[in-house]
2 protein chains.
Amino acid sequence: MTPSAPSASLDFALDRTSPVPLYYQLAQQLESAIEHGALAPGSLLGNEIELAGRLGLSRPTVRQAIQSLVDKGLLVRRRGVGTQVVHSQVKRPLELSSLYDDLEAAGQSPATRVLRNEVQPASAEVAAALGLAEGSDVAVLERLRFTHGEPMAFLCNYLPAGLVHLDTAKLEATGLYRMMRAAGITLHSARQSIGARCATVEEAERLDETEGAALLTMQRTAYDSTGRVVEYGTHIYRASRYAFEFQLLVRS
Amino acid sequence: MTPSAPSASLDFALDRTSPVPLYYQLAQQLESAIEHGALAPGSLLGNEIELAGRLGLSRPTVRQAIQSLVDKGLLVRRRGVGTQVVHSQVKRPLELSSLYDDLEAAGQSPATRVLRNEVQPASAEVAAALGLAEGSDVAVLERLRFTHGEPMAFLCNYLPAGLVHLDTAKLEATGLYRMMRAAGITLHSARQSIGARCATVEEAERLDETEGAALLTMQRTAYDSTGRVVEYGTHIYRASRYAFEFQLLVRS
DNA sequence: GGATGCATATTGTCCGGACAAATCGCCTGG
DNA sequence: CCAGGCGATTTGTCCGGACAATATGCATCC
């Protein structure tokens, strides 16, 4: 339980000619040192003043680097004691997850079949969710996502028309969020609701389940950095093959 | 679409004799001004230098206040443009949620019945989840949560023995997280998994559902600020009466 | 031997300034 | 009328310093 002695001099290489900020360079190298095990969980980081002097940086810059890792949950600072590496079993950041990216990261080699990709007038529900007038043009997207050749989820998404060019071939080769990012849309936040229900006959057929099987449902409204709604979606997952996993940070 | 003119002088009252930090005082007053509508969505905040001068603060202090609201997703800064209020329909930046607090905030007047509250040796699964040796003493807690007189969830929790004194009467009057906080435990992060399945006969009976009804399942491992595991729980919700709602922030 | 108080170490807060980088609007020139 | 350049505005980064608040360990005193 006694916190380890301040980890001695790790060699951090800072490049002052680089356009990437110094605090960010330091934060990244600290993070990789933690991830890599060079900074053991529970070990103290050494005081900021001395660290700043050793690196040739000012204390505010060092603090900014440390603070960013504290925000990520990798470090804990305690006044009068020091900054130590949190010994957490888990690393996963969680944030706004993209199903496609999640599956790919898990080595599941996802595949997508686009069932529908067209523009049509918004229904009342969709218009309300997207913050548009009823009857406005919206892109409607229905997809089936597979892993290992088996269907795993049915995805239905609505986007304001003209926001992104939704090429069907591209949609089957990558994920929607990746396409939005490529179109210059930076996602900022999303409101989600996760529930469950039993499969209807049509749903069961579409997902290769039996009627009454448990399904996970997710509704998401995504916002870009200005607060505009850029996507509304209703997703249905086979509970037998999928669960949402994520880590939450409590902001004090 | 044109961003509103810089909102003129709002009167912020800063108390230098207060122990609460100046940047925090400013952040809170800004937040309440946004929540209250005094700062309209999309409106510019006015440049930092001038704002600092007007408030008698230094620019770093003002920046620290603004940054905390940016992290919360209430403001957006753009270099060369300014800082503006995000016009988001939703405000709640939900985080690690306490079911009890959630229900109470929604005016659902939750009630709890403690079915089991004892200390016993940890099974292999529980020991692994809590990071203890198999057979260590752990507190086992089984509760039923009601709203409007109807059962809504079955909660099973495990805690390292001796961490909190689990008084049954107190547990029925308040929530577990509130008791942990009162015992000096500051939650820091949690890993969650949300899935679904169909109710077994016993589960259906316990929750006043029919066999095969859809249930939402949640498993959570909670960590305190030093990274210690302080709680592991398996919760089961009636999907017909409950869904998880939360907002995610993307950290760029 | 135990409790109290003090010195020390470390982070938290705050200040003032300097320059860089990005964005936007305006003006000029073609 | 359009394109490009230029300057003004605003946030981003970084520095150096000062003092306050808190936790820890040690010495002292009862």
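Labels below follow one simple rule: chain letters A, B, ... track the order of the sequence lines, proteins then strands, and each chain is numbered from 1.
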Arg191(B) and Glu245(A): CA distance, side-chain angles, deciding distance, salt bridge (charged side-chain N to carboxylate O under 4.0 Å, His left out) verdict
CA-CA 7 Å; Arg191(B) 179 148 187 76; Glu245(A) 304 232 346; 3.2 Å; yes
To the nearest angstrom, how far is Gln84(B) atom CD from dT10(D) atom C1'?
13 Å
Starting from the 5' end of DNA chain D, give me the residue, Tyr23(A) or Arg79(A), whose nearest nucleotide shows up first.
Tyr23(A)
Do the non-hydrogen side-chain atoms of Phe12(B) and Arg54(B) ever get within less than 4.5 Å of each other?
no
So what does Pro60(B) touch, heavy atoms closer than 4.0 Å: a base, only the sugar-phosphate, or nothing?
base
Do any side-chain nitrogens or oxygens of Arg78(B) fall under 4.0 Å of OP1 or OP2 in dT10(D)?
no
Take atom CG of Leu75(A) and atom P of dT11(C), then tell me their distance rounded to the nearest Å.
11 Å
Distance check needed: dT13(D) P versus Gln25(A) CD, whole Å only.
12 Å
Asn117(B): which of Val140(B), Leu171(B), Asn157(B) passes side-chain contact (heavy atoms from CB on, under 4.5 Å)
Leu171(B)
Contact under 4.0 Å: Thr61(A) side-chain N or O vs dT13(D) OP1/OP2:
no
Using only side-chain N and O atoms of Ser58(A), determine if any of them is under 4.0 Å from OP1 or OP2 of dG17(D).
no
Using the six-membered ring wherever Trp is involved, compare the ring planes of Tyr232(A) and Tyr158(A) and label them parallel, tilted or perpendicular (cut-offs 30° and 60°).
parallel
Taking CD1 from Ile49(B) and P from dG17(C), how many angstroms apart are they, rounded to a whole number?
10 Å
Could you give the CG-to-P distance, from Asn47(B) to dG12(D), as a whole number of Å?
12 Å
For dT11(D), take OP1 and OP2 only and decide whether either is under 4.0 Å from a side-chain N or O of Thr83(B).
yes
Give the rounded distance in Å between these two atoms: CZ of Arg77(A) and C1' of dT13(C).
12 Å
Output the rounded distance in Å from CG (Leu22(A)) to P (dA21(C)).
12 Å
Using only heavy-atom distances, determine whether the side chains of Tyr23(A) and Gln67(A) contain a donor-acceptor pair under 3.5 Å.
no
State whether the distance check finds a donor on one side and an acceptor on the other, under 3.5 Å, for side chain Arg59(B) versus base dG12(D).
yes
Atom-pair distance (OH on Tyr24(B); C1' on dA20(D)), nearest Å:
19 Å
